[in-house]
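Input: a single structure, listed below in structure tokens.
So you know, we letter chains A, B, ... as the sequences are listed, proteins then strands, and number each from 1. For clarity, every value in this text was computed on a predicted model and none was experimentally measured.
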2 protein chains.
Amino acid sequence: MLSKKTKYAFHALTFLGKNRDQKTVLIQDIAAEYGISHKFLENILLELKKAGILGSKKGKGGGYYLIKEPKDVALSKVIRLLDGPIALLPCVSLNYYEPCVECQSEVKCGLNKVMIQVRDEMLNVLENKSLADILDKE
Amino acid sequence: MLSKKTKYAFHALTFLGKNRDQKTVLIQDIAAEYGISHKFLENILLELKKAGILGSKKGKGGGYYLIKEPKDVALSKVIRLLDGPIALLPCVSLNYYEPCVECQSEVKCGLNKVMIQVRDEMLNVLENKSLADILDKE
DNA sequence: ATAAACCCTACTTTTTTTATAGACTTTACA
DNA sequence: TGTAAAGTCTATAAAAAAAGTAGGGTTTAT
């Protein structure tokens, strides 16, 4: 399951996507829309900004806005950013690889082989679905 | 990512699958093979037994054995048993459904719709891969 | 009778997630 | 030019989940 952080990130991105006509949107308005803690959401939006997905404007009249095209915000990108690896095991993660301590030889490990296949099929889905798909269904 | 519990379950199942010629296998031998805590593994094997995947024999000369054909032990079954939902959000889980409190209307939620698609594609993979696939690659 | 092995429940520790606090910086505008 | 509005940043606290441990109970071969 995704963490709440990631789920809220998707909600926020959806809200920002729906309000692209506005120059900026307040954290507060997003928090209110979904009943999320303002402060918690603040951290999430900051991470999305640092990742180049959102832009912001400080000071009075400021707020956040979507900097990327919705079709260019893949689900995989948001998940990796806030939740970490998509792979089901550390030993098959492309972005967060770590060997399994209990594993004598990765090359001989059937579980490793199968989980590489699972990872590839999951990535195929998560890299080809994007914020645009979410917005299309709203 | 899968929990260690689930990862160890797959290791144990693999070991038992490779030793189907023996009547029973000791917890201790599986734990030693992977350097896993005996007691922790005990709990895991017990769950696999209760789920009808493993059988056991008590007393001296006892141990665990695979009760199902490897091809009939889908990855999805083991993951659900030890880790819970496969779906990425509670509101799209088939086996562990819960509404999202922040969601006004599930029917109008684009995230919900997209995550249903993601779930179906993940299930398609995880229900069609099994212990047999792991054993084939060892 | 005894030792080997699984069964079961409860508990503790550790890690991760979720949430909060508060001081700081930037900006619009009266 | 002062003030209020808004994002920035770091640290910490609280809650929940995962990982691991303990120990007595039951069954069975010899």
Between A:K39 and A:E42, does any NZ, NE, NH1 or NH2 come within less than 4.0 Å of an OD or OE carboxylate oxygen?
yes

Under a 4.0 Å N-O cut-off, is there an ion pair linking A:E138 with B:K108?
no

Rounded to the Å, how far apart are [X] [atom1] and [N] [atom2]?
X	N	atom1	atom2	result
A:E47	C:dT17	CD	P	12 Å
A:I36	C:dT20	CD1	P	12 Å
A:L41	D:dG7	CG	P	10 Å
A:H38	D:dA5	NE2	P	13 Å
B:Y8	D:dT21	OH	P	10 Å
A:I44	C:dA19	CD1	P	9 Å
A:F40	C:dT17	CZ	C1'	7 Å
A:K23	D:dA6	NZ	P	15 Å

Once you measure the plane-to-plane angle for B:F15 and B:Y34, does it fall in the parallel (<30°), tilted (30-60°) or perpendicular (>60°) bin?
perpendicular

Closest-nucleotide 5' rank along DNA chain C - winner of A:T6 and A:G61:
A:T6

May I ask you to verify if any side-chain N or O of B:S37 is less than 4.0 angstrom from the OP1 or OP2 atom of D:dT21?
yes

When you measure from the side chain of B:K60, which nucleotide among D:dT28, C:dA19, D:dG20 comes out closest?
D:dT28

The nucleotide from D:dA18, C:dC6, D:dG20 with an atom nearest the side chain of B:L26 is C:dC6

Heavy-atom neighbours of A:E106 CD exceed 12 at 6.0 Å:
yes

Show your reasoning for whether salt bridge (Lys or Arg N to Asp or Glu O under 4.0 Å) applies to B:K5 and B:E47.
CA-CA 11 Å; B:K5 232 174 165 173; B:E47 288 198 68; 3.4 Å; yes

Strictly by modelled atom types, are A:E121 and A:N124 linked by a side-chain donor-acceptor pair under 3.5 Å?
no

I'd like to know if the side chain of A:S56 pairs up with that of A:K49 as donor and acceptor (distance under 3.5 Å, no hydrogens or angles considered).
yes

Could you list, one pair per line, each protein nitrogen or oxygen that sits under 3.5 Å from a nitrogen or oxygen of nucleotides 8-12 of chain D, together with the distance?
{"residue": "D:dT8", "atom": "OP1", "partner": "A:K49", "partner atom": "NZ", "Å": "2.6"}
{"residue": "D:dT8", "atom": "OP1", "partner": "A:S56", "partner atom": "OG", "Å": "2.8"}
{"residue": "D:dT8", "atom": "OP2", "partner": "A:Y64", "partner atom": "OH", "Å": "2.1"}
{"residue": "D:dC9", "atom": "N4", "partner": "A:E42", "partner atom": "OE2", "Å": "2.8"}

